[in-house]
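We count residues from 1, following the sequence as given.
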Amino acid sequence: MSRIYKDICSQRTLYGAWKKVRSSALFSSSDEIKREAEDFESRLPDALVDIQRALSKQTFMFLQQTGIAQKKSNGKSRPLVLAPIPNRIVQRALLDVLQRRVRFIKRVLGTPTSYGGIPEKRVAMAIADARKAMLAGARCHIRSDIPAFFTKINKDRAIELLRPHISCAATLRLFEQAIKTDLANIDELSRRGLDAIFPIGIEGVAQGSPLSPLLANIYLADFDQAMNSHGVTCLRYIDDFLLLGRSLSDVDKAFNRSLKELGKIGLDAYDPRTDKAKASRGTTDTGFDFLGCNVSPGLVQPSEATRKRFKIKLDAEFATASHALRYNAKHRDGDGKYSYSSALYRIDRIILGWGKAFTFCNSSQAMKALDDFVSKKLMALETEKNAILAKSDSEARRRVLGVRLLTDVASPAHTPA
């Protein structure tokens, strides 16, 4: 057994992978994913020992996954693949070891103009580098992205790119198995006409897999090298890229070159001259959207579309809270999950997560406007809560507020003597 494969199988690596998978699962909005993580944790350390033993014997079998067609704002469906906890632990272990041990992957992830899916790199760094290029004289831009990128990655080509740099056959075989998609609900998806959007064959990798961003960066490593030349800066975050140059002529030539480079590997990009909804082209002094931000020489703020999505998400949460207030006032079967206190907690977590994602922005005015929006929503919800409480008895008030009644707490089952 090679040293790289031993590292993948080690308890240290597997436990580290489990901690990352657990953290992601517990912060998931899916109750099912949280329950699965809690169930796996209840079976530690035996559950990890079982995975380690199967890996060591090279008999580990990846379990079937679940395909979810997530609706997008444009009406189309985004194919997400949810894998069982053991799959994600092994995928994460593979990722951690390959990033740590394989020089080729270190070199790919060390590309200074690539940011997505790379440890210690953030959106803020891409935005900062865009502003540096602008200060250095980049007066024009083209921003675009690659349509259906993850569904077009050829898995065989990705393996061939890796093969010269990994001498361990067992590691390559495990990696190949780890990036396959085998859906347990494929028949259901077929009945709904959605099976074609999932990466079941050679083409495409699963969005949701820890290995997908790594595959994306390997696949586009040559693109990164080719595009940062001729006086143009190309910043890439997975399938989004930004071209910055001194003139429109410079960025137009660079974009034409990008189409040729992407065409070599069966990919394309939205053309800002014909698809203004998906790409943009113009001067940098008027500002442009990139990675959820609007960037101009002196100002960085969440883009208008990003702020709109934030408001829509909060609107939905406030609507759920409003419905729950009325429901809890009338019914005894609630478990406190949708009480007033839990609603405030969920809203606060959304605001915290969103705010942390944009701490690097310098537009206090945009943030103040969003705070005003939230404050008005909170005042309306509190007014509704107070009106409901005024009409409710003491037990209903407790349910509405989210403070348990002792009489509602289930007592232990009585065991006959």
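- Annotation: cation-pi geometry not satisfied between K180 and F62 (NZ/CZ under 6.0 angstrom from ring centroid, within 45° of ring axis).
- Of the charged side-chain nitrogens involved, at least one lies within less than 4.0 Å of a carboxylate oxygen, so that R236 and D224 count as a salt-bridged pair.
- The aromatic ring centres of F241 and F223 sit less than 6.0 Å apart.
- Electrostatic pairing of R191 and D187 does not count as a salt bridge here, judged by no charged N lying under 4.0 Å from a carboxylate O.
- To the nearest 0.5 angstrom, D145 atom CG is 14.0 Å from Y237 atom OH.
- Salt-bridge annotation for D7 and R100: present, with a side-chain N of the basic residue lying under 4.0 Å from a carboxylate O of the acidic one.
- Here the side chain of S190 pairs no donor or acceptor atom with the backbone of D195 at under 3.5 angstrom.
- Evaluated for a salt bridge (charged side-chain N to carboxylate O under 4.0 Å, His left out) with D315, the options K377, K376, K308 yield exactly one hit, K377.
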Inset, instruction - Please test I105 against H165 for side chain to side chain contact (heavy atoms under 4.5 Å, CB included), starting from the C-alpha separation and ending with a verdict. - result: CA-CA 9 Å; I105 291 177; H165 309 283; over 6 Å; no
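- Salt-bridge check for R173 with E176: failed, with every basic side-chain N at 4.0 Å or more from each acidic carboxylate O.
- Taking a cutoff of 4.0 Å between a charged side-chain nitrogen and a carboxylate oxygen, D240 and R143 do not qualify as a salt bridge.
- We find that R35 and D39 are not joined by a salt bridge, their nearest charged nitrogen and carboxylate oxygen being 4.0 Å or further apart.
- Between the side chains of S247 and S249, no donor N or O sits under 3.5 Å from an acceptor N or O.
- Residue-environment remark: CG (L259) exceeds the threshold of 12 foreign heavy atoms within 6.0 Å.
- In this structure, the separation between OG on S23 and CH2 on W18 is 10.5 Å, given to the nearest 0.5 Å.
- Y270 and S144 get closest at one heavy-atom pair: O-OG, 2.5 Å.
- Using a distance-only test at 3.5 Å, with no hydrogens or angles considered, no donor-acceptor pair links the side chain of R246 to the main chain of R139.
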Legend entry - Audit row: L98, T171, side chain to side chain contact (heavy atoms under 4.5 Å, CB included) steps and yes/no: CA-CA 9 Å; L98 293 179; T171 300; 4.3 Å; yes
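- Remark: the backbone N or O of A148 is paired with a side-chain donor or acceptor of T151 at under 3.5 angstrom.
- Ion pair R43/D50 not flagged as a salt bridge, since none of the NZ, NE, NH1 or NH2 atoms sits closer than 4.0 Å to an Asp/Glu carboxylate oxygen.
- The local environment of CD in E32 is sparse, with at most 12 non-hydrogen atoms from other residues, nucleotides or ligands closer than 6.0 Å.
- A donor-acceptor pair under 3.5 Å is absent between the side-chain atoms of Q65 and the main chain of L82, judged by distance alone.
- Salt bridge absent: K278 and D271 never bring a charged side-chain N and a carboxylate O closer than 4.0 Å.
- Paired with V21 under the rule side chain to side chain contact (heavy atoms under 4.5 Å, CB included), one option of I85, N87, V90 passes, and it is I85.
- Ring-plane geometry between F358 and F360 is classed as tilted, the angle between the planes lying from 30 to 60 degrees on a 0 to 90 degree scale.
- The distance from the CG atom of L95 to the NZ atom of K20 is 7.5 Å, given to the nearest 0.5 Å.
- A salt bridge links R281 with D252: at least one charged nitrogen is closer than 4.0 Å to a carboxylate oxygen.
- The local environment of CG in D348 is crowded, with over 12 non-hydrogen atoms from other residues, nucleotides or ligands closer than 6.0 Å.
- Around the CD atom of Q365, the shell of radius 6.0 Å holds no more than 12 heavy atoms that belong to other residues, nucleotides or ligands.
- Looking at S375, its side chain never comes within 3.5 Å of a backbone N or O of D372 through a donor-acceptor pair.
- Few gaps surround CZ on R157; more than 12 heavy atoms of other groups in view lie less than 6.0 Å from it.
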